[in-house]
Amino acid sequence: MVGGLLKAYLLLTLLMQNTVSGQSDTSGPVFIQEPPNNVDFSNTTGTKIICQSRGVPLPNITWTKSNGEPIGTVPGLRQVMDNGNLILPPFRASDYKQEVHAQTYRCIAQNELGKIQSRDVHVRAVTTQHFEVDIFRESVMIGNDAIFKCSAPSFVSD
């Protein structure tokens, strides 16, 4: 009887050790580097938004708009990299697209044990381009202050 109890105890101990060690071999996703909340960049420089996570198995990283709609590569304007980074390369001012360059994105890391999402990443590209400002003529008496009105193109803001 004692021999049977000892065998059962040893078997139970071995099973528990295997279960505990099996659990430590897997883990849900955790961000190593979460993207920043705001990313402002120039069309002449472009930018890289890094999203890195760890977990076992290795999490798959995808990007979505803030509404959850998955995004993909837009040739010449946006690249979703296999390593989880989002690249917004330099572009001509005439190629500006609001749905790419003035957008809110989220990074999603997911494996079979869970799913995490980053904070909202507000992306804003500013374009370098030439424009002229019109200054309107005004009359003023000598010794008084003058206020000049000017007009800038409607596409110029901030």
Side-chain angles (χ1 to χ4, degrees), residues 19-158:
T19 302
V20 170
S21 67
Q23 288 175 345
S24 66
D25 291 341
T26 59
S27 65
V30 176
F31 284 120
I32 297 170
Q33 186 168 355
E34 185 177 2
N37 189 245
N38 292 301
V39 177
D40 294 335
F41 69 100
S42 166
N43 70 302
T44 59
T45 61
T47 192
K48 173 170 61 171
I49 305 171
I50 298 172
C51 182
Q52 295 179 337
S53 70
R54 63 178 165 81
V56 179
L58 188 64
N60 181 43
I61 296 178
T62 57
W63 286 86
T64 67
K65 293 181 183 179
S66 61
N67 65 4
E69 179 185 337
I71 65 161
T73 293
V74 176
L77 299 179
R78 180 178 66 204
Q79 294 174 289
V80 180
M81 307 300 289
D82 291 337
N83 66 2
N85 294 338
L86 183 62
I87 307 291
L88 298 165
F91 62 94
R92 294 184 311 233
S94 60
D95 291 335
Y96 176 90
K97 298 227 180 301
Q98 185 170 355
E99 62 273 12
V100 171
H101 299 114
Q103 185 62 256
T104 301
Y105 297 107
R106 285 191 189 132
C107 169
I108 310 290
Q110 183 173 5
N111 68 11
E112 60 194 38
L113 296 175
K115 174 181 175 180
I116 56 174
Q117 72 179 17
S118 71
R119 63 178 71 101
D120 285 351
V121 181
H122 303 280
V123 170
R124 183 175 68 164
V126 293
T127 58
T128 303
Q129 54 188 327
H130 177 75
F131 62 89
E132 293 190 20
V133 175
D134 294 324
I135 300 174
F136 301 108
R137 293 183 73 139
E138 292 291 334
S139 298
V140 65
M141 295 178 66
I142 294 177
N144 289 327
D145 294 334
I147 297 176
F148 290 93
K149 294 182 182 178
C150 61
S151 172
S154 62
F155 63 82
V156 177
S157 64
D158 288 343

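As the structure is a computational prediction, the values presented were derived from the model and not from experiment. This chain uses plain numbering: 1 for the first residue, then up along the sequence.
- Here the CG-OG1 distance, from Asp40 to Thr47, works out to 9.5 Å after rounding to the nearest 0.5 Å.
- Scanning both residues, Gln52 and Ile61, for their nearest heavy atoms gives CA-CD1, 4.1 Å.
- When all heavy atoms of Tyr96 and Ala102 are compared, the closest pair comes out as OH-CB, 3.4 Å.
- Remark: Lys149 NZ to Ile147 CD1 distance equals 9.0 Å, nearest 0.5 Å.
- Taking the side chain as every heavy atom from C-beta outward, Leu86 and Gln79 never approach each other to under 4.5 Å.
- The main-chain N or O of Pro75 is never found under 3.5 Å from a side-chain atom of Thr73 such that the two would form a donor-acceptor pair.
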- Task: Could you walk me through whether Ile71 and Val80 pass side chain to side chain contact (heavy atoms under 4.5 Å, CB included), step by step?
- Result: CA-CA 8 Å; Ile71 65 161; Val80 180; 4.2 Å; yes
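- Surrounding CG of Asp82 are at most 12 heavy atoms belonging to other residues, nucleotides or ligands under 6.0 Å away.
- With a 4.5 Å cut-off on side-chain heavy atoms, Pro35 and Ile50 do not count as touching.
- Checking side-chain atoms of Arg106 against main-chain N and O of Ser66 turns up a donor-acceptor pair under 3.5 Å.
- The two residues Asn43 and Arg92 have their closest heavy-atom pair at ND2-C, 4.0 Å.
- A distance-only check finds no donor-acceptor pair linking the side chain of Arg78 to the backbone of Ile87 [under 3.5 Å].
- With rounding to the nearest 0.5 Å, the separation of OG in Ser42 from CZ in Arg124 is 12.0 Å.
- Annotation: Asn144, atom CG; neighbour count of heavy atoms from other residues, nucleotides and ligands within 6.0 Å is above 12.
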- Task: Run the numbers on Arg119 and Glu34 for salt bridge (charged side-chain N to carboxylate O under 4.0 Å, His left out), then give the verdict.
- Result: CA-CA 8 Å; Arg119 63 178 71 101; Glu34 185 177 2; 3.6 Å; yes
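- A donor-acceptor pair under 3.5 Å is formed between the side chain of Gln103 and the backbone N or O of Glu99.
- Judged purely by atom type and a 3.5 angstrom limit, Ser53 has no side-chain atom pairing as donor or acceptor with the backbone of Ala109.
- Considering only heavy atoms from C-beta on, Phe31 comes within 4.5 Å of Ser118 through its side chain.
- Within 6.0 Å of atom CD in Gln98, 12 or fewer heavy atoms from other residues, nucleotides or ligands are found, so the atom counts as exposed in its surroundings.
- Contact annotation: the side chain of Ile49 approaches that of Val123 to within less than 4.5 Å [non-hydrogen atoms, C-beta and beyond].
- Within the 3.5 Å criterion, the main-chain N or O of Ser27 finds a donor-acceptor partner in the side chain of Asn111.
- Between the side chain of Thr127 and the main chain of Ala93, no donor-acceptor pair closer than 3.5 Å is present.
- Here the side chains of Gln110 and Thr62 are not in contact, with every heavy-atom distance at 4.5 Å or above.
- Nearest heavy atom pair, residue Thr45 against residue Pro90, reads O-CG, 3.5 Å.
- In this structure, the side chains of Tyr105 and Thr64 stay at 4.5 Å or more apart for every pair of heavy atoms.
- In this structure, the side chains of Leu77 and Leu88 stay at 4.5 Å or more apart for every pair of heavy atoms.
- You'll find the side chain of Phe91 reaches within 4.5 Å of the side chain of His101, heavy atoms only.
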